[in-house]
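Everything below concerns the one structure shown next.
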Amino acid sequence: MLRFLAVRTARAILTLFICVSAVFVTLRLAGDPAEIMLSVDTPPDVRAYYSQLWGLDQPIYDQYIRYVTSALRGDFGISFADERPAFDAVVEALPNTALLGSAALLLALAIGLPLGILAALKHNSAIDRLAMASAVFGYAVPVFFLGILLILLFALKLRVLPSAGSDSLVHLILPVVTLGLPLAGRLARFARTSTLEVLGKPFIRAARGRGVMPIGVILRHALPNASVPLLMFLGIEIGNILAGSAVVETIFAWPGVGRLLVDSVATRDLPVVQAVIITITLIMVSANLLVDVLHILIDPRLGGFGRASGAHA
Amino acid sequence: MATLETPAPAQGRSASLGMSPVVVISTAFLFFMVCVAVFAEWLAPAHFTTQNLAARLRPPMTVQGDFTYYLGTDQLGRDILSRLIYAIRTSILIAVLGTLIGAVVGTLLGFVAARLRGLPDQAIMMLVDTQAAIPALLLALTMLAFFGNNVVLFIILVSLDGWEKYTRLARGLVVSEQTSDYINAVEALGARSGRVILKHLLPNIVAALVVQATLNFPGTILLETSLSFLGLGVQPPGTSLGLMLGEGRRYLLNAWWIAVFPGCAIFLTTLAMSLFGDWLRDRLDPTVDRG
């Protein structure tokens with residue numbers, strides 16, 4: 001188990017390292033960084049200052065080491081837009097995205113899990129068809145279109161919810177629904193498949209045969225066994241939530257990391273773009289690592305502390 | 001949208017292909033969209049840039065002189081129906097090109113990894129893992145910031161969505177096929193590597209790759225439309241479904257039709273494609289992961 005963890009951690013660090021290197025290489029491929037990152041009318045002495053700051057007069061490997069070490073410190077330079085460290089802008093926006101993302105995730109879990117499990121229990125019923133239809137919807141609907149439809153309905157026609165801003169928690173409702181509903185659909189399909197799979201296993205039939213109530217079978221036996229694939233699924237979905245937040249935050253003017261990225265791409269504020277993409281990679285890599293660790297803890301076959309979870313293998 | 005008028009295929013044929021009515025409608029709709037994209041010049045009542053400032057923000061079914069604006073007009077008095085038709089062409093063309101590039105490059109890398117093994121394999125799979133760790137949309141945004149926007153780069157960026165899936169798939173399939181008796185026999189007979197790949201390995205895994213491409217296509221369309229919606233993809237005076245939606249967003253209060261029609265077109269296309277892809281997977285290749 002320790003070996004598995006060590007390998008996974010090493011891979012996570014390696015992925016992050018590749019990413020930082022890729023950003024460095026891409027930036028150099030795109031041309032002279034001073035040329036790209038500074039505006040055309042930058043005075044020569046300012047240009048010379050940055051050139052020295054980034055070590056552009058040094059050999060390329062020296063520049064690389066300089067870049068990686070400053071990236072490790074969270075130093076990506078000064079944002080052109082508001083003349084403060086780029087990383088500060090990211091740190092400031094991060095809690096808003098975390099709030100939006102986790103609320104959307106909770107909403108998706110609250111709708112998608114029960115729907116999927118019910119669909120599996122009542123296989124081929126009306127509720128099963130509803131779950132499958134919502135899953136198809138969840139895979140096909142563009143978040144930006146869903147967001148616009150919700151704005152049309154709730155903000156412009158019914159006038160019950162604000163369409164943009166971040167002044168109160170009410171402002172959070174539409175973005176969370178936009179981000180969470182498609183996820184709920186995908187989750188329902190996933191929960192349905194996993195539950196159906198588990199329900200076919202011998203130990204479930206044995207439990208049923210012993211006279212355990214269906215709800216007891218689900219809670220005591222099916223859910224713990226379906227939790228590992230669910231965890232994997234959520235690990236993958238974190239990427240979708242982050243990508244979706246770029247669009248959703250832009251539509252609803254929610255001041256998160258996604259909107260920061262879109263805005264700084266539009267103005268080519270490269271220090272902020274770098275800070276955002278490295279931070280997001282860090283989040284993704286840590287999330288995947290966390291999924292691996294939880295996987296070990298939940299799944300007794302991996303030699304973790306499986307007895308506590310009551311899972312049957 | 002008046003898009004479901006295409007006649008459904010004959011009953012007997014659809015039954016033999018195991019198509020449910022939903023799949024038949026999806027396939028017919030996709031065929032219809034491809035026709036719209038191909039014959040845009042003939043279908044569009046006007047050119048997509050033709051302005052008529054006297055008829056700005058008119059609702060659908062407005063009659064102005066001898067011209068009927070079936071889907072209304074936008075803020076510059078351009079016919080939404082005509083713009084929609086050309087936008088469908090742009091979006092489908094970019095998504096098809098992106099899918100092709102992603103599939104070819106991804107598959108190629110998969111073959112290289114599986115045939116060479118060792119260090120190239122490790123390096124390619126590390127790239128695959130890194131790509132899988134970062135959402136394609138965010139990566140594409142970063143690249144746009146670095147390189148600025150141009151059409152070629154944009155199409156390449158759209159192909160970023162999913163290339164690693166083909167690599168994984170092709171590598172896995174080739175590795176398992178390589179150990180089979182018939183490949184051993186062909187190689188023992190002295191066939192060159194190129195011949196083994198083209199005549200034996202590729203035909204045996206192409207079905208799985210086609211299924212993967214169909215399942216991936218909706219994601220590619222969504223990547224293109226998302227970027228264009230954010231104003232970072234297709235640029236005016238060009239048009240794409242995402243760009244129309246993004247422009248229409250500003251006029252939601254007075255003119256919902258500018259955004260809603262292209263939105264419906266995107267949604268129905270991705271929906272039809274996923275339903276078709278599911279059907280194709282069940283038909284051709286039951287082994288692909290249902291993820």
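Because the structure is a prediction, the values reported are computed rather than measured.
Taking the six-membered ring for Trp and thresholds of 30 and 60 degrees, B:Phe267 and A:Phe145 have ring planes inclined between 30 and 60 degrees apart.
For chain B, the option among A:Ile251, A:Ile280, A:Asp269 with the highest count of heavy-atom pairs below 4.5 Å is A:Ile251. Of the residues considered (B:Leu138, B:Leu137, B:Ile266), B:Leu138 shows the highest number of contacts with chain A, using heavy-atom pairs under 4.5 Å. The candidate with the highest count of non-hydrogen atom pairs below 4.5 Å against chain B, out of A:Leu270, A:Thr281, A:Thr15, A:Leu149, is A:Leu270. No other option in A:Arg186, A:Met284, A:Arg268, A:Lys157 has as many heavy-atom pairs under 4.5 Å with chain B as A:Arg268. The choice from B:Ser226, B:Ala272, B:Ala259, B:Gly231 that makes the most heavy-atom pairs within less than 4.5 Å of chain A is B:Ser226. In terms of heavy-atom pairs under 4.5 angstrom with chain A, the leader among B:Thr269, B:Leu232, B:Leu275 is B:Leu232. Taking A:Ser264, A:Ala155, A:Gly239, A:Pro142 one by one and counting their heavy-atom pairs under 4.5 Å with chain B, the maximum is reached by A:Pro142. Chosen from B:Leu253, B:Leu139, B:Asn149, the residue pairing most often with chain A at heavy-atom distances under 4.5 Å is B:Leu253.
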Atom pairs and distances, side-chain donor-acceptor, residues 123-136 of chain B, under 3.5 Å, sequence neighbours left out:
residue, atom, partner, partner atom, Å
B:Asp129, OD1, B:Arg168, NH2, 3.3
B:Asp129, OD2, A:Arg11, NH2, 2.1
B:Thr130, OG1, B:Met126, O, 2.7
B:Gln131, OE1, B:Trp163, NE1, 2.8

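Neither the backbone nor the side chain of A:Ile236 has a heavy atom closer than 4.5 Å to any heavy atom of chain B. Within the 4.5 angstrom heavy-atom criterion, atoms from both the backbone and the side chain of A:Ile148 approach chain B. Only the side chain of B:Ser274 comes within contact range of chain A, judged by heavy atoms closer than 4.5 Å. Heavy-atom distances place the side chain of B:Phe229, and not its backbone, under 4.5 Å from chain A. Interface remark: A:Val276 contributes no atoms to any contact with chain B (heavy atom separation under 4.5 Å). Heavy atoms of A:Leu14 lying under 4.5 Å from chain B belong exclusively to its side chain. If you measure heavy-atom distances from B:Met273 to chain A, you find no contacts under 4.5 Å at all.
For residues 234-251 of chain B, heavy-atom neighbours of chain A at less than 4.5 Å comprise B:Leu245, B:Arg249, sorted by residue number.
Once rounded to the nearest 0.5 Å, the distance linking CZ of B:Phe146 with OG1 of A:Thr26 reads 6.0 Å.
Counting only heavy atoms from C-beta outward, the side chains of A:Phe144 and B:Leu230 never approach each other to under 4.5 Å.
Between B:Leu141 and A:Ala246, the shortest heavy-atom contact is CD1-CB, 4.5 Å.
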